[in-house]
Amino acid sequence: MFISLEGPDGVGKTTQVALLAERLRAAGVAVVECREPGGTDLGERVRALLLGGDVAISDRSEALLFAAARAQLVDEVIRPALAEGAWVVCDRFIDSSVVYQGVARGLGVESVLQASLFATGGLLPERTLVLEGTARRDAVPDRMEAAGEAFHARVREGFGQLAGQFPERVLRIDASGAPAAVAARVWAVVAPDVR
Ligand code: TYD
């Protein structure tokens, strides 16, 4: 089973990935956690380029760099883990590209999706949980966080539309309240797949 957690910056995805992995392990499931961009040597270097803010990056280069990091993560981590029967829980995946680059940068949902599907060799998560709630801001914004309020409003709107675009795969989760309460909502939709 391959699950991705998605949502705008600062809604608590990273905490929820950790809590979900912990709960799955307690239920006897082997879990591999990963994050995007990153999770491999190449991916972490690409992450530094993408978020560092010290290199000029055009919108299409940005989409392709995220896709390159994703390709490496799929080949090096995700496919091998799935082949061994582990569950993979990933902090962001293809839908972050669809929303941030396709919608918010305006590159187009279809082209970004196609580029990303090339990167993953067609692999998509079986379930994608989009966390929706109030965002907490980091003290020092990275290059993406510094993209401006209008950009992030388009990001929120893009995530809001995802479940409608991919109804069989994407579920919206209310991410308001304490982390434990959000974790309980996440578990309620994941638990039926654990046997
Ligand atoms: P990260 O620190 O992981 O953000 P968060 O903690 O909010 O998940 O930084 C990843 C940033 O990169 C975040 O702003 C979302 C953005 N991003 C894209 O624009 N496209 C992508 O395909 C991915 C994976 C992330």
Side-chain angles (χ1 to χ4, degrees), residues 2-21 33-40 42-55 57-74 76-78 88-120 123-125 128-160 162 166 170 173 175 179 182 186:
F2 177 18
I3 301 177
S4 61
L5 268 73
E6 295 277 6
D9 293 75
V11 286
K13 282 181 313 307
T14 308
T15 305
Q16 291 305 320
V17 166
L19 291 174
L20 174 59
E33 289 164 69
C34 50
R35 72 158 179 185
E36 276 213 19
T40 65
L42 176 67
E44 293 296 332
R45 291 199 205 182
V46 171
R47 178 185 178 89
L49 281 174
L50 279 164
L51 303 185
D54 52 342
V55 184
I57 303 177
S58 73
D59 290 352
R60 278 178 300 142
S61 312
E62 179 181 288
L64 291 169
L65 284 168
F66 277 114
R70 179 164 306 129
Q72 192 68 26
L73 184 68
V74 166
E76 208 176 303
V77 177
I78 298 180
V88 173
V89 180
C90 200
D91 187 346
R92 299 193 180 281
F93 197 65
I94 213 160
D95 301 292
S96 281
S97 285
V98 165
V99 170
Y100 283 81
Q101 281 68 53
V103 177
R105 291 285 191 222
L107 293 174
V109 165
E110 200 45 41
S111 8
V112 171
L113 185 61
Q114 289 314 319
S116 258
L117 283 171
F118 170 74
T120 70
L123 184 70
L124 275 170
T128 295
L129 311 180
V130 175
L131 302 192
E132 296 180 323
T134 327
R136 260 177 298 104
R137 290 188 177 279
D138 287 345
V140 183
D142 62 37
R143 183 179 149 275
M144 297 303 295
E145 286 163 346
E149 195 37 54
F151 178 83
H152 286 284
R154 292 195 292 279
V155 166
R156 286 192 293 277
E157 205 179 302
F159 276 119
L162 263 188
F166 306 101
V170 178
I173 302 277
V182 181
V186 168

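Order of listing sets the numbers, starting from 1, for every ligand and every atom in it. Note that these values count all heavy atoms, side chains included, but never hydrogens, waters or copies made by symmetry.
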Report yes if some heavy atom in the side chain of V88 is under 4.5 Å from a heavy atom in the side chain of C34; otherwise report no.
yes
What's the shortest distance from atom 22 (O) of ligand 1 to any protein heavy atom, and which residue and atom give it?
S97 OG, 2.6 Å
Looking only at protein heavy atoms, which one is nearest to atom 18 (C) of ligand 1, and what is the separation?
F66 CZ, 3.2 Å
Enumerate the atoms of ligand 1 whose separation from the nearest heavy atom of K13 is less than 4.0 angstrom.
5 (P), 7 (O), 8 (O)
Under 3.5 Å between any N/O of E145 and any N/O of ligand 1: does that happen in this structure?
no
Is there a heavy atom of R35 sitting under 4.0 angstrom from any atom of ligand 1?
no
R156 and E149 ion-paired at < 4.0 Å
yes
Ligand 1 atoms in contact with E36 (distance to a heavy atom under 4.0 Å):
3 (O), 24 (C)
Contact atoms of ligand 1, heavy-atom distance to Q101 under 4.0 Å:
18 (C), 19 (O), 20 (N), 21 (C), 22 (O)
Answer yes or no for R105 and F151: cation-pi contact, defined as NZ/CZ to six-membered ring centre under 6.0 Å and angle to ring axis within 45°.
yes
Is it true that a side-chain atom of Q114 and a backbone atom of S111 form a donor plus acceptor pair closer than 3.5 Å?
no
Between R70 and S116, is there a side-chain donor-acceptor contact under 3.5 Å, judged purely by atom types and distance?
yes
Enumerate the atoms of ligand 1 whose separation from the nearest heavy atom of L51 is less than 4.0 angstrom.
9 (O), 11 (C), 12 (O)
Does T14, backbone or side chain, put an N or O under 3.5 Å from an N or O of ligand 1?
no
Decide whether an N or O pair under 3.5 Å exists between E62 and ligand 1.
no
For atom 5 (P) of ligand 1, what is the closest protein heavy atom, and at what distance to 0.1 Å?
R92 NH2, 3.7 Å
Value rounded to 0.5 Å, distance of CG in D95 from CG in L129
10.5 Å
Separation between CG (L5) and CG (L131), nearest 0.5 Å, reads 5.0 Å
Closest to atom 14 (O) of ligand 1 among D9, I94, V99, L73 (heavy-atom distance)
D9
M144 vs E62, test: side chain to side chain contact (heavy atoms under 4.5 Å, CB included). Steps then yes/no.
CA-CA 10 Å; M144 297 303 295; E62 179 181 288; 3.7 Å; yes
Value for CG (L113) from CG (L107), rounded to nearest 0.5 Å, stands at 13.0 Å
Numbering as shown, the atoms of ligand 1 that approach G10 to under 4.0 Å (heavy-atom distance)
7 (O)
Proximal ligand 1 atoms for R47, defined as those under 4.0 Å from one of its heavy atoms:
1 (P), 2 (O), 3 (O), 9 (O)
